[in-house]
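One-based numbering, in listed order, for ligands and for the atoms of each.
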Amino acid sequence: MTIMEDSILSTTGLCYSYQSGPFALRDVTLEISRGRKIAFLGPNGAGKSTLFLHFNGILRPKAGEVRYDGAPLKYDQGSLAALRQDVAIVLQNPDDQIFSSTVEEDVAFGPMNLDLPREEVEERVAEALALTGMSELRERPTQQLSFGQRKRVAIAGALAMRPKVLVMDEPTAGLDGHMVGEIMELTDKLNGQGMTIVISTHDVDMAYSWADSVHVLNRGRLVFSGTPEGFFNCPREVNAVKLVQPTMYEVNRLVMASLNLPEHPHPKTSSELLAKMSRCSPGRLFVQQNGSRSEGVPKHATAGIYGPMHRAAAATGELNVEYSYNGLEGCLGEVMLGRDALLVLDPGLKGQVMKRLDRLAKVFGRQIEVLWV
Ligand code: ADP
């Protein structure tokens, strides 16, 4: 397979300037790989939002071109409408995106414009609200929502289009830790269904562990495309774009230097650091997809939740868990300490679990016994 075949969106020599301003994008050539999780990094004003607005044709290049599925974008109304079904954008500020008076009206806006049958619009709205945890607030006036809830509505509106590519400009900015966890979990779930996820962020820790690949912009130019490790391996370039090394990158560097061990492979999470360092044999990972503790799961197993379905049960105490958020990472850490762990999993997230286990096996040589219960 050639690289071109594998890219869902690409730009060639893309230049853009706002009226009478300097170039906001200069000669940007890049490819967004299909089905991957991609993070854009770069200081404020680097051109990330401007680039994102080119991905669904809101802005039109002054020079160069944007391609979707191998074909150059066309800017007539019909072509743009078709493109926007496939490439949905969530703007940084939800207030730039929410116009309707209630949550459900706002989420229904996109699908209504597709002239879909009423039942399908209803189905899409219900699905998008469920995915973003907004079902109970569907009749709430949008004026009465918190910032985090408005952000969820904006994401739900994008998901109601059932896009192939979801582009989110700083999706976690201004949100509390739990909501950041929920949004990143949602991206994992959507990505598990084959959706390409593109985000911009200043959160280097998140980008390091989350992204399959990163693109870095500075002053309108693309200065790096590749793996997160590849980028953070270059302290000078990281510094040039006003970022810092991810905490786990630094911890690994310093700990390995103190032990006189190689920096490679680079752990991206605490469980991977443990996988690299711990000498004990891993515990077992029990995985279950229903809410109650099955027979056969040892009582001492530490439990974690991955996916929103069972979180409500955990909050009411029906389900006793140690990790209500970031449960996959919590459980993998326990397993690497030689303890048994129980992961309570939403159905759509199995692929992401397999991906993490595969990395532990291939990169860190740690095979974990998994029992599906
Ligand atoms: P980022 O998303 O990386 O912070 P932007 O794409 O928002 O960067 O901005 C890139 C450049 O374009 C900056 O110099 C910014 O000031 C300018 N810019 C962004 N939006 C507008 C606009 N609507 N009008 C004029 N200039 C703009």
Side-chain angles (χ1 to χ4, degrees), residues 9-32 37-68 73 75 80 83-84 87-99 147 150-151 154-155 157-158 165-175 180 183-184 187 196-208 210-211 213-226 228 231-232 234 236-246:
L9 272 169
S10 63
T11 68
T12 314
L14 175 58
C15 297
Y16 186 80
S17 60
Y18 291 93
Q19 272 178 347
S20 72
F23 275 104
L25 292 174
R26 298 159 198 257
D27 197 19
V28 174
T29 298
L30 59 80
E31 299 194 354
I32 305 282
K37 298 193 286 190
I38 296 116
F40 278 81
L41 302 171
N44 288 327
K48 302 179 295 297
S49 307
T50 305
L51 178 67
F52 284 7
L53 295 175
H54 281 81
F55 287 154
N56 76 346
I58 292 174
L59 295 180
R60 196 172 173 164
K62 295 280 158 82
E65 68 175 12
V66 182
R67 286 173 173 258
Y68 173 68
L73 297 199
Y75 294 88
L80 286 177
L83 175 71
R84 288 170 193 167
V87 182
I89 294 201
V90 179
L91 302 175
Q92 195 175 327
N93 182 356
D95 296 334
D96 292 339
Q97 196 151 3
I98 296 174
F99 297 105
F147 177 79
R150 293 203 297 282
K151 197 97 181 175
I155 296 172
V165 186
L166 180 66
V167 181
M168 297 198 279
D169 201 350
E170 295 201 28
T172 59
L175 301 179
V180 170
I183 289 191
M184 297 328 286
T187 65
T196 306
I197 314 282
V198 179
I199 66 166
S200 66
T201 185
H202 293 289
D203 184 342
V204 287
D205 292 318
M206 184 264 277
Y208 187 49
W210 177 86
S213 59
V214 297
H215 297 288
V216 185
L217 287 169
N218 195 18
R219 297 179 185 191
R221 286 188 196 282
L222 185 74
V223 294
F224 181 89
S225 284
F231 174 62
F232 290 113
C234 317
R236 203 180 301 165
E237 290 185 25
V238 173
N239 196 39
V241 295
K242 301 181 184 159
L243 291 175
V244 293
Q245 306 285 10

Looking at ligand 1, does any of its N/O atoms fall within less than 3.5 Å of an N/O of [X]?
X   : answer
G45 : yes
K48 : yes
N44 : no

Using heavy-atom distances only, which candidate in L53, L25, L41, T50 approaches atom 5 (P) of ligand 1 most closely? T50

4.0 Å heavy-atom contact, G47 with ligand 1: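 Distance cut 4.0 Å: G47 passes for ligand 1.
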
Counting heavy atoms under 4.0 Å, the part of P43 that contacts ligand 1 is backbone

Closer than 4.0 Å and a protein heavy atom, does any atom meet both conditions relative to atom 11 (C) of ligand 1?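 Answer yes: something from the protein, a heavy atom, is under 4.0 Å.
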
Can you find a protein heavy atom under 4.0 Å from atom 24 (N) of ligand 1?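 Given the 4.0 Å cut-off, atom 24 (N) of ligand 1 counts as touching protein heavy atoms.
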
Would you say K242 has more than 12 foreign heavy atoms packed within less than 6.0 Å of its NZ?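 Check fails, neighbour count at 12 or below.
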
Within a distance under 4.0 Å of any heavy atom of A24, pick out the atoms of ligand 1 and give their elements.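 Every atom of ligand 1 under 4.0 Å from some heavy atom of A24: 11 (C), 12 (O).
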
Among all protein heavy atoms in this structure, tell me which lies nearest to atom 19 (C) of ligand 1, with the distance rounded to 0.1 Å.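 Its nearest protein heavy-atom neighbour is Y18 CE1, 3.4 Å.
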
Within the 3.5 Å criterion, strictly below it, is a donor on W210 or T187 matched to an acceptor on the partner's side chain?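 Note: W210 and T187 side chains meet the donor-acceptor criterion.
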
